[in-house]
Amino acid sequence: MRILFAASEGLPFSKTGGLADVVEALPKALVAQGHEVAVVLPRYRETKATAVVMPSLTIPMGGTRLRFPAIADGTLLSGVRYYFVDDPAYFDREGLYGGSTGDYPDNAERYAEFCRAAIEISKHVWPADVFHCHDWQTALVPVLLRTSYGDDPLVKDTPVVFSIHNMGYHGQFTKDVLERVGLPQALFQPSGIEFYGGVNLLKGGLVYADYLTTVSRKYAEEIQTPEYGYGLDGVVRDRGDRLVGILNGVDYAAWNPEKDKLIAARYSAKDLSGKQVCKQELLDLFGLSHDHLERPLIGIVSRFADQKGFDLIAEKAHELMREDLVLVVLGTGERKYEDLFRALAAAYPGRVGVKIAYDNAMAHKVEAGADMFLMPSRYEPSGLNQMYSLKYGTVPIVRATGGLDDSIEPFDVEHGTGTGFKFKEYSGDALLYAVRQALHHYMDERIWKRIQLNGMTKDFSWKGPAAEYAKLYEAAREVRGLGQVAQNALQAGQAAGQGRAKETKSQLRHLIEFDKES
Ligand code: ADP
Ligand code: GLC
């Protein structure tokens with residue numbers, strides 16, 4: 001099958017968060033399973049392209065306005081074809097989504113152009129059997145295919161799978177955006193993309209895609225509730241029969257302590273000795289003394305956003321630091337959290353190391369050098385770091401939400417099973433309790449090694465998730481009448497009338513409901 005990914009970020013070209021990891025790894029895994037995959041990304045400032053595929057594409061915006069992005073070729077990497085939408089006025093900027101003063105005010109225009117260009121790529125450059133779109137920035141692909149492109153013989157039936165990586169980001173704009181980006185006014189209604197008097201692009205993806213996915217089973221349940229749905233839980237519930245939760249995987253080519261060139265020493269489940277060398281290097285890099293080598297070291301690598309639960313750390317910071325531990329934090333984002341961690345480092349010099357930075361090599365070093373990895377998220381659609389941590393023998397302490405709940409099993413001392421420590425209630429006390437449990441078990445070397453090995457031997461590769469996505473692409477083709485079952489039905493219907501059609505309908509239902517059975 002030919003799958004065209006449209007996403008606002010993807011490694012190795014652009015990244016602000018886990019979406020970029022997914023957009024790199026899932027296409028590779030699909031190619032390994034025999035599919036053809038192309039990925040369309042914006043050409044941002046740092047993105048290098050190798051050739052021009054189309055020097056000028058005509059993209060209608062609102063009114064009589066047109067834009068003329070080029071389509072650049074980003075070469076073939078691990079069998080995946082890359083295309084970039086190249087419009088320097090829109091994408092050659094300091095940040096991906098915003099600068100020092102916040103989100104760019106023309107984000108609706110930028111990503112509307114991007115979505116139209118992705119559709120045009122499928123028409124003129126790389127015909128797709130199915131689109132796979134990600135988050136609000138690409139939500140206009142299904143909206144446009146079923147409205148403005150509704151009569152286009154080339155793409156009107158191309159199915160769309162839309163993945164929700166984060167319900168907290170809506171792409172919310174004022175009503176005039178319809179005119180500014182050239183969307184039909186008819187979309188402005190509660191069953192369309194209207195949302196409390198404004199325009200909500202994420203909602204467009206939720207309403208118009210053939211299938212919805214999100215990045216863990218637990219989060220698929222959570223977003224159907226008011227607590228996690230950010231006002232869109234009703235829309236998600238309405239589409240509940242087309243929503244599937246598929247936990248993200250790990251790209252073990254990039255995240256594996258046996259092969260990782262970014263860490264001080266390689267190690268494995270068979271021989272963990274290199275991990276101590278990594279811990280030593282980590283202490284050095286954060287200006288902490290080697291005296292701490294035997295103390296438990298808790299690591300954090302994160303975007304600093306409300307989602308990540310750092311207010312719990314703020315609430316219990318001093319009680320936490322009363323424990324015999326060392327804390328290392330790498331992250332950037334909201335000012336209040338940067339200030340929080342800077343203040344902690346100042347209050348506990350020599351015991352708290354903080355780097356306010358985005359640094360991939362350092363992220364690997366924290367994963368390898370820490371003993372525990374803390375993710376107290378308020379919500380976490382999937383989360384990748386906790387799964388990276390497992391592979392590095394770094395025991396996760398997580399809140400039981402979304403993908404954190406799906407990927408981490410609580411340690412059970414009686415049976416020696418489990419991979420980490422979890423707390424459920426969103427409270428500082430619950431967090432503290434889980435940390436203390438981890439610290440307690442750290443004291444017993446034998447038990448600690450058991451927990452580490454339980455995690456290191458887990459397999460969270462992309463193989464399983466990629467196969468699930470492939471089934472879903474097939475199901476999406478079926479519901480658009482393009483898949484094998486539907487085609488057989490058509491032929492059978494023509495040959496033998498209504499009787500067979502019934503039978504095929506039930507086959508179709510079986511295909512669609514695979515996720516509930518598996
Ligand atoms: P989210 O996408 O919500 O930020 P994930 O856990 O899915 O959370 O993915 C985060 C990704 O970004 C991981 O690959 C992580 O290593 C990386 N990352 C986050 N913050 C930093 C940072 N300050 N420096 C380097 N990498 C970071
Ligand atoms: C989002 C989520 C994160 C998830 C990532 C990739 O940024 O916050 O939990 O792992 O997308 O799907």
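Counting starts at 1 for both ligands and their atoms, following the listed order.
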Run the salt-bridge test on [X] and [Y] with the 4.0 Å N-O cut-off and return the result as yes or no.
X	Y	result
Asp92	Arg43	no
Glu409	Lys458	yes
Asp405	Lys422	yes
Lys336	Asp311	no

Could you find the nearest protein heavy atom to [atom] and give me its residue, atom name and distance?
atom	value
atom 10 (C) of ligand 1	Gly18 N, 3.7 Å
atom 4 (O) of ligand 1	Arg303 NE, 2.7 Å
atom 20 (N) of ligand 1	Ser302 C, 3.4 Å
atom 15 (C) of ligand 1	Asn385 ND2, 3.4 Å
atom 24 (N) of ligand 1	Asp359 N, 2.9 Å
atom 22 (C) of ligand 1	Tyr358 CD1, 3.5 Å

Are the side chain of [X] and the backbone of [Y] linked by a donor-acceptor contact shorter than 3.5 Å?
X	Y	result
Arg237	Gln224	yes
Asn200	Gln172	no
Glu109	Val181	no
Arg351	Leu325	yes

Identify, by atom number and element, the atoms of ligand 2 in contact range of [X], meaning under 4.0 Å from any of its heavy atoms.
X	value
Gly383	3 (C), 4 (C), 9 (O), 10 (O)
Asn166	8 (O)
Gln307	8 (O)

Part of Val22 with heavy atoms under 4.0 Å of ligand 2, whether side chain, backbone, both or neither: side chain
Would you kindly specify which portion of Asp21 sits under 4.0 Å from ligand 2, judged on non-hydrogen atoms: side chain, backbone, both or neither? neither
May I ask you to check whether Met375 has an N/O atom sitting below 3.5 Å from an N/O atom of ligand 1? no
Would you say Asp21 has any N or O atom under 3.5 Å from an N or O of ligand 1, going by distance alone? yes
Restricting to non-hydrogen atoms, name the atom on Lys355 and the atom on Met362 that form the minimum distance, rounded to 0.1 Å.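 Smallest heavy-atom distance, with atoms named: CE-CE, 3.6 Å.
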Exactly one of Tyr111, Trp136, Tyr104, Phe195 should register a ring pair (Phe, Tyr, Trp, His ring centres under 6.0 Å) with Phe173. Which one does?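 Only one option passes, and that is Trp136.
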Any N/O pair Glu380/ligand 2 closer than 3.5 Å: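 Yes; the residue has a nitrogen or oxygen that sits under 3.5 Å from a nitrogen or oxygen of the ligand.
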From [options] - option closest to [atom] by heavy atom:
atom	options	answer
atom 17 (C) of ligand 1	His165, Lys15, Glu367	Lys15
atom 1 (C) of ligand 2	His134, His165, Lys308	His165
atom 1 (P) of ligand 1	Lys308, His364, Met387, Glu380	Lys308

Could you check whether any heavy atom of [X] sits closer than 4.0 Å to an atom of ligand 1, since that is the contact criterion I want to use?
X	answer
Met362	no
Gln307	yes
Ala357	yes

Show, in sequence, the C-alpha distance, side-chain angles and deciding distance for Phe91 and Phe84, and conclude whether the ring-ring contact (aromatic ring centres under 6.0 Å, His included) test is met. CA-CA 10 Å; Phe91 298 116; Phe84 304 123; over 10 Å; no
Less than 6.0 angstrom from the centroid, inside 45 degrees of the normal: does Lys391 satisfy that with respect to the ring of Tyr252?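 Judged by the rule (NZ or CZ under 6.0 Å from the ring centre, within 45° of its axis), Lys391 counts as positioned above Tyr252.
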Can you list the ligand 1 atoms lying under 4.0 Å from a non-hydrogen atom of [X]?
X	result
Ala363	25 (C), 26 (N)
Tyr388	14 (O)
Leu384	5 (P), 6 (O), 7 (O), 9 (O)

What verdict does the ring-ring contact (aromatic ring centres under 6.0 Å, His included) test give for Phe304 and Phe310, after you've listed the backbone C-alpha separation in whole Å, the side-chain angles of each residue and the deciding distance to 0.1 Å? CA-CA 8 Å; Phe304 290 161; Phe310 296 131; 5.6 Å; yes
Taking the side chain as every heavy atom from C-beta outward, state whether Tyr230 and Leu202 have any pair of such atoms under 4.5 Å apart. no
